[in-house]
Amino acid sequence: MEQEQIIAKNFIQQQIIDDLAEGKNGGRIHTRFPPEPNGYLHIGHAKSICLNFGTARKFGGLTNLRFDDTNPTKEETEYVDSIMEDVRWLGFDWDERLFYASDYFDKLYEFAVKLIIEGKAYVDFQPQEVISEQKGVPTRPGIDSPYRNSLPQENVELFAKMKNGFYNEGDCVLRGKIDMSSPNMHMRDPLMYRILKQPHHRTGDKWCIYPMYDYAHGQCDYWEGITHSICTLEFEVHRPLYDWFIDQLKDSDYRPRQIEFSRLNITYTVMSKRRLLQLVKENYVNGWDDPRMPTICGLRRRGYTPESMRSFSDMVGITKVDGITDVAVLEYCIREDLNKRAQRVMGVIDPIKVVITNYPEGLVEELDAVNNPEDESMGKRKVPFSRELYLEREDFMENPTNKFYRLSVGREVRLRYSYFIKCTDIIRNGEGDIIELHCTYDPETKGGNAPDGRKVKATLHWVAVAQAVKAEVRLYDRLFTDPDPAGHKDKDLLEFLNPDSLKVLSECYIEPFVKNGKPLDSFQFERLGYFNIDPDSTSNQMVFNRIVSLKDGFKK
RNA sequence: UGACCCGUGGUGUAAUUGGCAACACGUCUGGUUUUGGUCCAGAAGAGUCCAAGUUCGAGCCUUGGCGGGUCAACCA
């Protein structure tokens, strides 16, 4: 297939097509996904994963997984493991191309020495506040450090002493010698190395100086042969510095190129590691994998599938526009996926007991039910029916409004896959609350159709009392009540926390079929929504999460 | 009040070299239906931030505004 015939889906792909047309980098396409292992991945990372792996795949290129582990104070192996799990779960593979920025510590050191010798870097012994002060502000140029013009030979020795642990944290740093009057703050003699006497999760105590992001990232890209280094918009102003280091390093026509796109935002949630960490640490949620979290592990536990996350990623697209995507798009993606694949089952989450007074006591019929009307190959199952049932409390209304066409006294409805029933009596307790309904059934309507052709307006789900599995069901709502909780400069996002984001229903009854399920298996509870089995589930206490409700066309 | 980036229906994105602003989500109708789901048919909703300019013709090009974002961590 000719490259020219590939249609760009976004500006990055267009850029790649142009680069290919110009014959850049020998026609290679190589991307990388470079997380810092300092937390769990969220759906914004999923977008980046899909972008990097998906784009490379489209153009016959490769993608590396690289852990950007240049700050030992924040990074842990636990995070490395979870990130690899999440990338694989999403359906992508880096094959043998697993790298760490720490793999390059030696080369980065050598390159720094070279820059020092060339008079392009120097050791600065001023305190942090002074360096910061000298950098100035964006609207005014900075001033030179007194160490700026010290001799390269001295600096080589000083840098070696830094490396050998002669100095303490904060005593000195290595800075690039670029342009103290640049309008771009990142070019005002940026820090390349700082002293951190901290063990590193991979290099242990071999190093006590660590490269800064800006000094490490482009070089790692270069050494890995990355052609397109895709990152988010906030790195845009870093690009001149990225290019500056590459200019000092490159020795051929090959050069990696940084391209920025806008990060993902979704309504009614937050998408920054810092804020997510706060929610976890301060116990507003139950951990990183709380089903309300936009983390990949949270969404996975919630019941989102890799397919749904990938199609979501496709739908939101790639641009440089700062926006906020309606969470309804995400919900659409999981409904669309599960509608095709989810096993149907009946479950009553807010039960009211119903007695079919003219149905024989002790009789249990096994009725046929379709497993998935969207997929005949999924076959059928048997559902037990008997005299005592649970129905959804919401499906009965004592004084029905004219838009309500479910059950009420004197009205006939169909019980899915079984019989037509008619409500005859309401049973109340001492306080007058409705505790039970009495109905009669029409034996002629077995299977759900009346021989005389009469119709009913509603079909309700139900379960048989004796055979039902009692379960806990957790209902989730959006974490915040504001569409853009982090978007108010004057208000803290905690003010918008939704107090009802989790509702636990402990007395729910599900048809026995679900007993065969394993954690994370998902079902459609007919008429209610999609649910999956939570890992908290045990053999005597099943626990379900509501992934998402069904679209509800009922207008009250 | 420095530099850089971004402004297209409610939301997210499209629109070969300038050529009738398209798609998806959402919303609303109607049809089908043993899930008020799915599916099918249809509708409303922007004239592309504003203003000038170039042009037969501008969402695309030019200039100037306006609005939003990013940058002044020994974080990434």
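Chain A is the first sequence line, chain B the second, and so forth, proteins listed ahead of strands; every chain is numbered from 1.
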Among A:Gln258, A:His228, A:Arg66, the one residue meeting side-chain hydrogen bond (donor to acceptor under 3.5 Å, both in side chains) with A:Asp221: A:Arg66

Reckon [X] touches a base, only the sugar-phosphate, or nothing at all at heavy-atom distances under 4.0 Å?
{"X": "A:Tyr405", "answer": "base"}
{"X": "A:Ser182", "answer": "nothing"}
{"X": "A:Asn449", "answer": "base"}
{"X": "A:Arg239", "answer": "nothing"}
{"X": "A:Pro373", "answer": "base"}
{"X": "A:Gly448", "answer": "base"}
{"X": "A:Gly323", "answer": "sugar-phosphate"}
{"X": "A:Leu460", "answer": "nothing"}
{"X": "A:Val173", "answer": "base"}
{"X": "A:Glu133", "answer": "nothing"}
{"X": "A:Ile318", "answer": "sugar-phosphate"}
{"X": "A:Tyr213", "answer": "base"}

Return the value, rounded to whole Å, for the distance between atom [atom1] of [X] and atom [atom2] of [N].
{"X": "A:Glu129", "N": "B:C74", "atom1": "CD", "atom2": "P", "value": "10 Å"}
{"X": "A:Ile266", "N": "B:G12", "atom1": "CD1", "atom2": "C1'", "value": "11 Å"}
{"X": "A:Met180", "N": "B:G2", "atom1": "CE", "atom2": "C1'", "value": "15 Å"}

Could you list the protein-to-nucleotides 59-61 of chain B atom pairs, N/O on both sides, closer than 3.5 Å?
none

Assess the pair [X] and [Y]: is the distance between their ring centroids shorter than 6.0 Å?
{"X": "A:Tyr242", "Y": "A:His238", "result": "no"}
{"X": "A:Phe531", "Y": "A:Phe544", "result": "no"}
{"X": "A:Tyr79", "Y": "A:Tyr40", "result": "yes"}

Using atom [atom1] of each nucleotide, how far apart are [N] and [M] to the nearest Å?
{"N": "B:C40", "M": "B:U33", "atom1": "P", "result": "16 Å"}
{"N": "B:C75", "M": "B:G47", "atom1": "C1'", "result": "45 Å"}
{"N": "B:A43", "M": "B:C61", "atom1": "P", "result": "33 Å"}
{"N": "B:A73", "M": "B:A46", "atom1": "C1'", "result": "42 Å"}

Just compare [options] and give me whichever is closest to any side-chain atom of [X].
{"X": "A:Lys551", "options": "B:G37, B:G36, B:C74", "value": "B:G37"}
{"X": "A:Asp326", "options": "B:G10, B:G37, B:G36", "value": "B:G10"}
{"X": "A:Tyr332", "options": "B:U35, B:C6, B:G26", "value": "B:G26"}
{"X": "A:Ile324", "options": "B:G37, B:A14, B:G12", "value": "B:G12"}
{"X": "A:Asp68", "options": "B:A76, B:G7, B:G37", "value": "B:A76"}
{"X": "A:Lys320", "options": "B:U11, B:U35, B:C6", "value": "B:C6"}

For A:Thr459 and A:Arg416, what are the C-alpha separation, side-chain angles and deciding distance, and is it a side-chain hydrogen bond (donor to acceptor under 3.5 Å, both in side chains)? CA-CA 6 Å; A:Thr459 300; A:Arg416 185 124 158 111; over 6 Å; no

Reading nucleotides 65-73 of chain B 5' to 3', which nucleotides get B (base under 4.0 Å from a protein heavy atom), which S (sugar-phosphate only), which -? ----SSSBS

Complementary nucleotide of B:C39, counting Watson-Crick and G-U pairs under 3.5 Å: B:G31

Re B:C61: Watson-Crick or G-U wobble partner, both distances kept under 3.5 Å, found to be B:G53

Main-chain N/O of A:Asp490 paired with A:His488 side-chain donor or acceptor, under 3.5 Å: no

Would you call A:Arg454 and A:Glu412 a salt bridge, using N to O less than 4.0 angstrom? yes

Taking NZ, NE, NH1 and NH2 as the nitrogens, is one of them in A:Glu234 or A:Arg263 under 4.0 Å from a carboxylate oxygen of the other? yes

With a 3.5 Å cut-off and just heavy-atom distances, do the side chain of A:Arg335 and the base of B:G37 make a donor-acceptor pair? no

What about A:Glu331: does its side chain form a donor-acceptor pair under 3.5 Å with the base of B:G26? no

Which atom of [X] lies closest to which atom of [Y], heavy atoms considered:
{"X": "A:Glu366", "Y": "A:Pro384", "value": "OE2-CB, 3.8 Å"}
{"X": "A:Lys273", "Y": "A:Gly39", "value": "NZ-N, 4.4 Å"}
{"X": "A:Tyr304", "Y": "A:Leu330", "value": "CE2-CD2, 3.4 Å"}
{"X": "A:Phe525", "Y": "A:Gly347", "value": "CD2-CA, 4.4 Å"}

